[in-house]
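Worksheet for the structure shown next.
Because the structure is a prediction, the values reported are computed rather than measured. One is the number of the first residue; the rest follow in order along the sequence. Numbering of ligands and ligand atoms starts at 1, following listing order.
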Amino acid sequence: MSEPRLLAGAPIAAEIRATVKADVAAFRRRHGYVPTLAVVLVGRDAPSAVYLQQILKGCRNVGIEGRLVEIPGRVSAARVRRRIAELNDDPLVSGIIVQMPLPKRIPLSTVIEILDPAKDIDGIHPLNAGLMTLGYAGFLPTTAQAAVELLKRSGIEIAGRHAVVVGRSNVVGKPASILLLRENATVTICHSKTRDLAGILRTADIVVVAVGRPRLVTGAMLRPGAVVVDVGINVVEGKLVGDVDFESAKEVVSAITPVPGGVGPVTNALLMTHLMRAARAQADLRHAGHPLAGAR
Ligand code: NAD
């Protein structure tokens, strides 16, 4: 097989960012302020902190205000709820993301129950999950959206093809499979209890892997000519690697995303588009004097 096409995220992210920059400038002219993205970090999880720095840099790149909200890991769930409620009520904050994983003592429901769906720009609230599932406009989980957007913007045909998603988390695998279905793929979801992963993968035209296990998927498991999106991010011997064994996969596939530099940059850029959409919707409500504007 000849060298596969590398589905790099950077050019796609740059394209998206250019549009967001123009949006931010137009918003500022119209409303007289720059919207803020609040990134909440509960406790001090080192990998999360690195990821958050990338988001804050992404904000700076497009002229959005990024606000890091650090909450000590030892505080009570009630304190976390109160802090998020304050951000819900802050009219300058248009979007809120909460870095996962949370400390074990703080259940995810603590955040989900309080987060204003209108500011939930990473689509973790059940309202947004429901809107996505039924095909309405809500906020999509950004990483899942990035995986599909990368395929679409790279000109990969999705409709009618067999897409296999490995992983069924609420943040990546499950939404990615719903979004691929929306693009008319025939979708199979594999997970930790799937019996014959290799056998199923060998029937896939498109493979999206989001597990968090280095080199789980090898070239021998893939169909010649398949297109692979590797969402996984793992650190092995100080280096970032995906869930797909790139060296063996590249001998078989027709196109593959690199790790790093594939899904990650697109995720970051798309998050900024969500923030601007949230900011516009909230500002429009306020301008219209809507009774619920700014209220919860
Ligand atoms: P998760 O741990 O919540 O879910 C992992 C999923 O993998 C589960 O659904 C599980 O059933 C499945 N799984 C586990 N072992 C398996 C096996 N042997 N075979 C098949 N399926 C198996 O993880 P997540 O939050 O969905 O993240 C997945 C990966 O994506 C991680 O590496 C994470 O770091 C990465 N990630 C990347 C980005 C990005 O922007 N690129 C964003 C979020 C997450």
Side-chain angles (χ1 to χ4, degrees), residues 7-10 12-13 16-17 39 41 45-58 97-102 104 107-108 111-112 121-124 129 139-151 163-180 187-204 207-218 220-222 228-236 239-246 256-274:
L7 303 176
I12 296 172
I16 298 168
R17 268 199 304 272
V39 283
L41 180 62
D45 183 311
S48 300
V50 172
Y51 179 63
L52 289 186
Q53 288 309 327
Q54 280 169 1
I55 295 176
L56 294 173
K57 187 171 163 210
I97 57 167
V98 181
Q99 190 51 41
M100 305 297 161
L102 292 166
K104 285 202 174 59
L108 181 59
V111 171
I112 287 183
I121 60 164
D122 208 13
I124 66 168
F139 289 112
L140 303 176
T142 324
T143 306
Q145 184 191 10
V148 178
E149 198 62 29
L150 216 147
L151 291 169
V164 172
V165 178
V166 190
R168 59 172 163 184
S169 72
N170 286 342
V171 281
V172 196
K174 212 180 284 170
S177 61
I178 291 166
L179 295 176
L180 286 164
V187 182
T188 303
I189 307 171
C190 295
H191 46 80
S192 53
K193 300 285 188 287
T194 294
R195 288 218 173 116
D196 182 16
L197 180 64
I200 295 168
L201 281 175
R202 258 180 240 116
T203 66
V207 176
V208 175
V209 192
V211 172
R213 282 198 183 195
R215 304 193 182 101
L216 174 75
V217 174
T218 63
M221 302 162 95
L222 297 164
V228 175
V229 178
D230 188 354
V231 183
I233 298 177
N234 311 285
V235 181
V236 175
K239 274 178 65 181
L240 282 188
V241 298
D243 291 344
V244 178
D245 176 35
F246 191 85
I256 184 166
T257 57
V259 177
V263 176
V266 181
T267 303
N268 192 311
L270 283 174
L271 192 65
M272 305 303 147
T273 67
H274 293 190

Kindly determine whether Gln99 and Val39 satisfy side chain to side chain contact (heavy atoms under 4.5 Å, CB included), including the steps that lead there. CA-CA 7 Å; Gln99 190 51 41; Val39 283; over 6 Å; no
Go through the steps for Asp243 and Val231 under the test side chain to side chain contact (heavy atoms under 4.5 Å, CB included), then give the verdict. CA-CA 7 Å; Asp243 291 344; Val231 183; over 6 Å; no
Apply side chain to side chain contact (heavy atoms under 4.5 Å, CB included) to Met100 and Val171, showing your working. CA-CA 10 Å; Met100 305 297 161; Val171 281; 5.6 Å; no
Would you check, one step at a time, whether the test side chain to side chain donor-acceptor pair (under 3.5 Å) holds for Asp122 with Thr142? CA-CA 6 Å; Asp122 208 13; Thr142 324; 2.3 Å; yes
Verify side chain to side chain contact (heavy atoms under 4.5 Å, CB included) between Ile16 and Leu270, making sure each step is shown before the conclusion. CA-CA 7 Å; Ile16 298 168; Leu270 283 174; 3.8 Å; yes
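Contacts with ligand 1 closer than 4.0 Å are made by side-chain heavy atoms of Val171 only, the backbone lying farther away. Contacts of Val166 with ligand 1, taken as heavy-atom pairs under 4.0 Å, involve the side chain alone. In Leu216, the part holding a heavy atom less than 4.0 Å from any atom of ligand 1 is the side chain. Only the side chain of Thr267 comes within 4.0 Å of ligand 1, judged by heavy-atom distances. Heavy atoms from both the backbone and the side chain of Val231 come within less than 4.0 Å of ligand 1.
Residue contact check: Val172 has heavy atoms under 4.0 Å from atoms 26 (O) of ligand 1. Taking every heavy atom of Gly167 and a limit of under 4.0 angstrom, the matching atoms of ligand 1 come to 6 (C), 7 (O), 9 (O), 12 (C).
Under a 4.0 angstrom heavy-atom cut-off, Ala210 registers as being in contact with ligand 1.
Looking only at side-chain heavy atoms (C-beta outward), Thr188 and Thr203 stay at 4.5 Å or farther from each other. Two residues are said to be in side-chain contact when any heavy atoms from C-beta on lie closer than 4.5 Å; Leu108 and Leu102 meet this criterion. Counting heavy atoms from C-beta on, the side chains of Ile233 and Leu240 come closer than 4.5 Å.
Ranking the protein heavy atoms by distance from atom 20 (C) of ligand 1 puts His191 O, 3.3 Å first. Nearest non-hydrogen protein atom to atom 38 (C) of ligand 1 is Thr143 CG2, 3.5 Å. The single protein non-hydrogen atom nearest to atom 8 (C) of ligand 1 is Arg168 N, 4.0 Å, given as residue, atom name and distance. What sits closest to atom 10 (C) of ligand 1 on the protein, heavy atoms only, is Ser192 N, 4.0 Å. Residue, atom and distance of the protein heavy atom nearest to atom 31 (C) of ligand 1 are Gly212 CA, 3.6 Å. Regarding atom 3 (O) of ligand 1, its nearest protein heavy-atom neighbour is Ser169 CB, 3.3 Å.
For the pair Asp243 and ligand 1, the shortest N or O to N or O distance does not fall below 3.5 Å. Polar contact with ligand 1: present for Ile233 (N/O pair, distance under 3.5 Å).
Of the possible polar contacts, one joining the Ser169 side chain to the Val172 backbone as a donor-acceptor pair under 3.5 Å is found. Not a single donor-acceptor pair under 3.5 Å links the side chain of Asp230 to the backbone N or O of Val259. Formation of a donor-acceptor pair under 3.5 Å by the Arg213 side chain with backbone atoms of Asn234 is not found in this model.
For atom 13 (N) of ligand 1, the nearest non-hydrogen atom from the set Val266, Asn234, Val211, Val241 belongs to Val211.
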